[in-house]
Amino acid sequence: MSTSSRPGPGRPLRTGPAIDTGRVTRLAGAVCDIAEDLVLKTEDFFTQSSGGATPLEQLREAVAIKQLANAAIAGLVVQQRSLGEPLGALEPLLNLSADRLRKKYPPHTVDQQLASRTRPTPTVPGSPQAATTKTSSVRHPHQRLACALTFMWKRSGITQRALAEHMTTDRSYVSRMLSGERRATLQHVKLIADRCGGDTDLVVLLWEIAAGVQNTVADPTHTLRTYLRALRYAAGSPDDEQILSSSQNTITHTELQRAFNGPGVPKQEVVRQLATALQSLPETAMPLWYRAQFSAQAVTSSHPAEAFG
């Protein structure tokens with residue numbers, strides 16, 4: 001990366017590394033995705049190691065985790081460089097010189113590697129890999145979706161047979177889908193919401209989170225709030241007092257309202273406590289929080305205070 005520029009008419013000599021805000025934004029999103037994938041893969045690794053999987057099977061998961069960690073390191077090194085920060089600050093952590101870091105992680109190469117990266121498929125409940133039930137399985141994104149769909153179906157008052165007919169599928173398949181034993185397709189999720197009169201946006205977002213699909217179009221802050229409301233729905237729509245009690249009053253009523261309705265992005269710890277209180281894995285909500293926080297900071301930095309007089 002260039003550290004200086006030639007002076008032109010009326011332009012003073014610029015020194016120091018240039019800041020590439022576009023690359024910083026892309027890398028921040030990519031690293032958030034990797035962090036989310038790491039959570040899923042470590043859960044799979046735990047399932048195998050505690051369920052009697054062979055050393056070879058466990059080693060495959062360990063190698064996948066190592067590869068994800070290496071991808072995250074590459075993205076963070078280039079992000080540090082793109083922010084105009086010195087690579088020397090990373091030398092003690094990575095035990096590599098700044099010059100070696102530049103050669104090992106060329107920005108364009110890292111960009112291409114992260115853009116072409118294939119995200120791992122989460123273990124499907126009911127599959128051989130998920131045969132061992134973990135105490136945290138009820139908090140897994142697939143189970144949160146199943147709980148939301150079940151709550152939606154029960155509130156509708158229709159029978160499973162009528163729901164199956166609407167979906168043109170077998171009633172036993174619907175039963176397994178609602179229990180989380182079978183993965184629901186996006187089409188099935190929409191059909192259930194349509195027949196049961198539920199909020200399609202909530203269950204579709206839960207499906208996207210469970211499937212590892214990132215919506216890059218929606219406003220990140222709105223997505224975070226929608227996800228928290230979806231978790232509330234999946235937990236049976238508890239009222240404010242029930243949620244505060246479940247959080248052991250670690251969050252206030254004001255913080256709770258802000259998390260669901262705004263304004264702004266709630267505090268990271270509030271999101272963690274709220275996700276836990278709503279029977280979800282807080283790690284699953286963190287990538288959404290990071291995107292919302294980064295988006296809010298980007299908007300603030302693009303509108304400096306002096307621009308408003």
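Heavy atoms only: backbone and side chains are in, while hydrogens, waters and symmetry mates are out. In this chain, numbering begins with 1 at the start of the sequence shown.
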Axial cation check for Phe260 ring with Arg232, 6.0 Å and 45° limits: yes

Arg23 and Ser82 have their tightest heavy-atom pair at CD-OG, 3.1 Å

Decide yes or no for Leu206 and Tyr233: does some side-chain heavy atom of the first lie under 4.5 Å from some side-chain heavy atom of the second? no

Flag the pair Tyr227 / Thr284 as yes when at least one side-chain heavy-atom distance between them is below 4.5 Å, and no otherwise. yes

Is Thr25 reaching over with its side chain to a backbone N or O of Thr21, donor-acceptor style, under 3.5 angstrom? yes

For the residue pair Arg102 and Pro106, establish whether any side-chain heavy-atom pair is separated by less than 4.5 Å. no

Is the backbone N or O of Thr276 less than 3.5 Å from a side-chain atom of Arg139, with the two atoms forming a donor-acceptor pair by type? yes

Report the C-alpha distance between Cys196 and Leu163 in whole Å, list the side-chain angles of each, state the deciding distance to 0.1 Å, and finish with yes or no for side chain to side chain contact (heavy atoms under 4.5 Å, CB included). CA-CA 8 Å; Cys196 297; Leu163 183 58; 4.2 Å; yes

Any non-hydrogen side-chain atom of Asp111 less than 4.5 Å from a side-chain atom of Leu27? yes

Please evaluate residues Lys103 and Asp99 with respect to the criterion salt bridge (Lys or Arg N to Asp or Glu O under 4.0 Å), reporting the C-alpha separation (whole Å), side-chain torsions for both, the decisive distance (0.1 Å), and the verdict. CA-CA 6 Å; Lys103 294 178 180 178; Asp99 185 62; 3.3 Å; yes

If I compare all heavy atoms of Gln79 with all of Ala28, which pair ends up nearest, and what's the gap? NE2-CB, 3.7 Å

Under 3.5 Å, is there a donor-acceptor pair between the side chain of Ser179 and the main chain of Arg176? yes

Side chain to side chain contact (heavy atoms under 4.5 Å, CB included) for Glu91 and Ser97? Distances and angles first, verdict last. CA-CA 5 Å; Glu91 291 181 354; Ser97 67; 4.2 Å; yes

Side chains of Leu101 and Gln80 in contact at under 4.5 Å (non-hydrogen atoms): no

Nearest heavy atoms of Thr223 and Leu288, plus distance in Å: CG2-CD2, 4.2 Å

Test log, rule side chain to side chain contact (heavy atoms under 4.5 Å, CB included), inputs Ile192 and Met177: CA-CA 11 Å; Ile192 292 172; Met177 193 184 306; 4.1 Å; yes

Under the 3.5 angstrom rule, does the side chain of Thr150 hit a backbone N or O of Ala146 as a donor-acceptor pair? yes

Expected output: side-chain Ser246 to main-chain Gln242 donor-acceptor under 3.5 Å: yes

Would you mind reporting whether Val265 and Leu224 have side-chain heavy atoms less than 4.5 Å apart? yes

Residue from Arg60, Glu61, Gln67 passing side-chain contact (heavy atoms from CB on, under 4.5 Å) with Val63: Gln67

Should Gln273 and Glu255 count as side-chain neighbours, where that means a heavy-atom distance under 4.5 Å? no

What do you reckon, is CG of Asn95 surrounded by more than 12 foreign heavy atoms closer than 6.0 Å? no

Show the numbers, then the answer: is there a side chain to side chain contact (heavy atoms under 4.5 Å, CB included) between Met286 and Arg272? CA-CA 8 Å; Met286 284 302 96; Arg272 286 186 174 276; 3.5 Å; yes

If you look at every heavy atom in Gly180 and Gln143, which pair is closest and at what distance? O-NE2, 3.6 Å

Polar side-chain atom of Trp153 near backbone of Ile158 as donor-acceptor pair, under 3.5 Å: yes

With the side chain counted from C-beta on, respond yes when Gln257 and Thr254 share a heavy-atom pair under 4.5 Å apart, and no when they do not. no

When every non-hydrogen atom of Met152 is compared with those of Gly198, the smallest separation belongs to CE-CA, 3.6 Å

So CG of Leu96 and CD1 of Ile73: to nearest 0.5 Å the spacing works out to 9.5 Å

Any idea which heavy atoms bring Val204 and Val189 closest together, and the distance? N-CG1, 4.2 Å

Is there a salt bridge (Lys or Arg N to Asp or Glu O under 4.0 Å) between Asp37 and Arg117 once you walk through the steps? CA-CA 11 Å; Asp37 293 343; Arg117 188 177 70 88; 2.9 Å; yes

